[in-house]
Novice: 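Okay, here's the structure, questions in a sec.
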Amino acid sequence: MSQLRIKVKPSSNKNKIVKMENGTFKIWIKSAPEKGKANKELEKYLKKITGVPVKIVSGLTSENKLIEFDIEVEKFIAKLEELATEAQRTQRTQRKK
């Protein structure tokens, strides 16, 4: 099993992912951090966008989380980077309109 640290912002207006300048990923989740709803949505969102089941192994009540998944870290990061790049491109395009 591979692991990766991420930062999560619950109660967002939409689900999205961004790669920060320091190389970590910040993920916005629509659900509020109540009764594990944001954590469940985070796991579902990551599985949907990467195709890989993800489990939160640390940080259940924190915005800093450690996630675990069953592929190589490099492959998982590559998937996240691709999605983060697409999201940032889309944002820039929308701002220009």
Side-chain angles (χ1 to χ4, degrees):
M1 288 293 218
S2 300
Q3 296 182 335
L4 181 67
R5 291 207 175 275
I6 59 171
K7 189 167 193 164
V8 179
K9 291 290 188 181
S11 301
S12 177
N13 61 345
K14 66 178 182 176
N15 292 342
K16 68 178 181 175
I17 183 169
V18 172
K19 186 173 184 182
M20 307 304 288
E21 288 181 17
N22 65 4
T24 61
F25 290 94
K26 190 172 190 178
I27 302 172
W28 283 260
I29 295 295
K30 289 190 266 184
S31 292
E34 300 168 345
K35 299 179 183 176
K37 289 178 186 176
N39 289 334
K40 287 177 188 167
E41 186 170 350
L42 173 66
E43 289 175 341
K44 285 181 184 178
Y45 176 63
L46 287 173
K47 182 178 180 182
K48 178 182 173 187
I49 65 174
T50 65
V52 178
V54 171
K55 180 181 178 189
I56 300 169
V57 294
S58 163
L60 291 173
T61 60
S62 170
E63 65 181 19
N64 297 305
K65 302 194 183 296
L66 180 65
I67 58 171
E68 189 173 78
F69 42 89
D70 199 18
I71 66 169
E72 295 173 13
V73 172
E74 295 79 15
K75 288 182 180 180
F76 192 80
I77 288 174
K79 289 175 184 263
L80 293 181
E81 284 176 339
E82 182 180 324
L83 295 160
T85 302
E86 283 178 29
Q88 288 167 329
R89 246 187 254 128
T90 301
Q91 249 183 348
R92 279 189 228 119
T93 303
Q94 289 175 350
R95 281 189 209 142
K96 290 179 182 179
K97 289 182 180 179

Novice: Any ring pair (Phe, Tyr, Trp, His ring centres under 6.0 Å) pairs touching residues 48-78, not counting sequence neighbours?
Specialist: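 Found Phe69-Phe76.
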Novice: Using the test side-chain hydrogen bond (donor to acceptor under 3.5 Å, both in side chains), find all partners of Glu63 that sit at least two apart in sequence or belong to another chain.
Specialist: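 Glu63 satisfies side-chain hydrogen bond (donor to acceptor under 3.5 Å, both in side chains) with Lys7, Lys9 only.
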Novice: Can you tell me how far apart OG (Ser12) and CD1 (Ile27) are? Round to the nearest 0.5 Å.
Specialist: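 Output value for this atom pair is 11.5 Å.
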Novice: Between CG of Leu83 and CD1 of Ile49, what distance do you get to the nearest 0.5 Å?
Specialist: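 Separation between the atoms: 5.0 Å.
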Novice: Got a second to check how far Leu4's CG is from Ile77's CD1, nearest 0.5 Å?
Specialist: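 If we round to the nearest 0.5 Å, Leu4:CG and Ile77:CD1 are 5.0 Å apart.
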Novice: Can you list the residues that meet the side-chain contact (heavy atoms from CB on, under 4.5 Å) rule with Ala32, with sequence neighbours excluded?
Specialist: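 Partners of Ala32 by the side-chain contact (heavy atoms from CB on, under 4.5 Å) criterion, ordered by chain and then number, come out as Ser11, Glu34.
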Novice: Please list all pairs meeting salt bridge (Lys or Arg N to Asp or Glu O under 4.0 Å) that have one or both residues in residues 64-77, counting only residues at least two apart or in different chains.
Specialist: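 Counting only pairs at least two positions apart or across chains, no salt bridge (Lys or Arg N to Asp or Glu O under 4.0 Å) contact touches residues 64-77.
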Novice: Using modelled atom types only, decide if a donor and an acceptor are shared between the side chain of Lys79 and the backbone of Thr50 within a distance under 3.5 Å.
Specialist: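 At least one qualifying donor-acceptor pair exists.
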Novice: Evaluate whether atom NZ of Lys26 has more than 12 neighbouring non-hydrogen atoms of other residues, nucleotides or ligands under 6.0 angstrom away.
Specialist: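 Yes, enclosed.
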Novice: According to side-chain contact (heavy atoms from CB on, under 4.5 Å), who are the partners of Lys30, at least two apart in sequence or on a separate chain?
Specialist: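 side-chain contact (heavy atoms from CB on, under 4.5 Å) list for Lys30, sorted by chain: Asn15, Glu41.
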Novice: Hey, could you give me each pair passing ring pair (Phe, Tyr, Trp, His ring centres under 6.0 Å) that has a residue in residues 5-46? Not counting sequence neighbours.
Specialist: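 Counting only pairs at least two positions apart or across chains, no ring pair (Phe, Tyr, Trp, His ring centres under 6.0 Å) contact touches residues 5-46.
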Novice: Enter the distance from Ile29:CD1 to Glu43:CD here, rounded to the nearest 0.5 Å.
Specialist: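 It comes to 10.5 Å.
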Novice: Is the closest side-chain heavy-atom distance between Leu46 and Leu80 below 4.5 Å?
Specialist: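 Leu46 vs Leu80: side chains touch.
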Novice: Say you draw a straight line from CD1 of Ile67 to NZ of Lys55; how long is it, rounded to the nearest 0.5 Å?
Specialist: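 Answer for the CD1-NZ pair, Ile67 versus Lys55, is 13.0 Å.
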Novice: So which heavy atom on Asn64 is nearest to which on Ser62, and how close?
Specialist: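 What the structure gives for the nearest pair is N-OG, 3.0 Å.
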Novice: Taking all non-hydrogen atoms of both residues, which atom of Ser2 and which atom of Val73 are closest, and how far apart?
Specialist: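 Closest heavy-atom pair between Ser2 and Val73: CB-CG2, 3.4 Å.
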Novice: Using links of under 4.5 Å between side-chain heavy atoms of ILVMFWY residues, direct or through other members, which residues join Leu66 in one cluster?
Specialist: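 For the cluster that includes Leu66, the remaining residues are Val57.
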Novice: Please enumerate all residues that pass side-chain contact (heavy atoms from CB on, under 4.5 Å) together with Lys44, with sequence neighbours excluded.
Specialist: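 Per chain and number, Lys44 pairs via side-chain contact (heavy atoms from CB on, under 4.5 Å) with no residue.
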Novice: Could you work out, with side-chain hydrogen bond (donor to acceptor under 3.5 Å, both in side chains) as the rule, every residue matching Thr24, not counting sequence neighbours?
Specialist: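 Partners of Thr24 under the side-chain hydrogen bond (donor to acceptor under 3.5 Å, both in side chains) test: Asn22.
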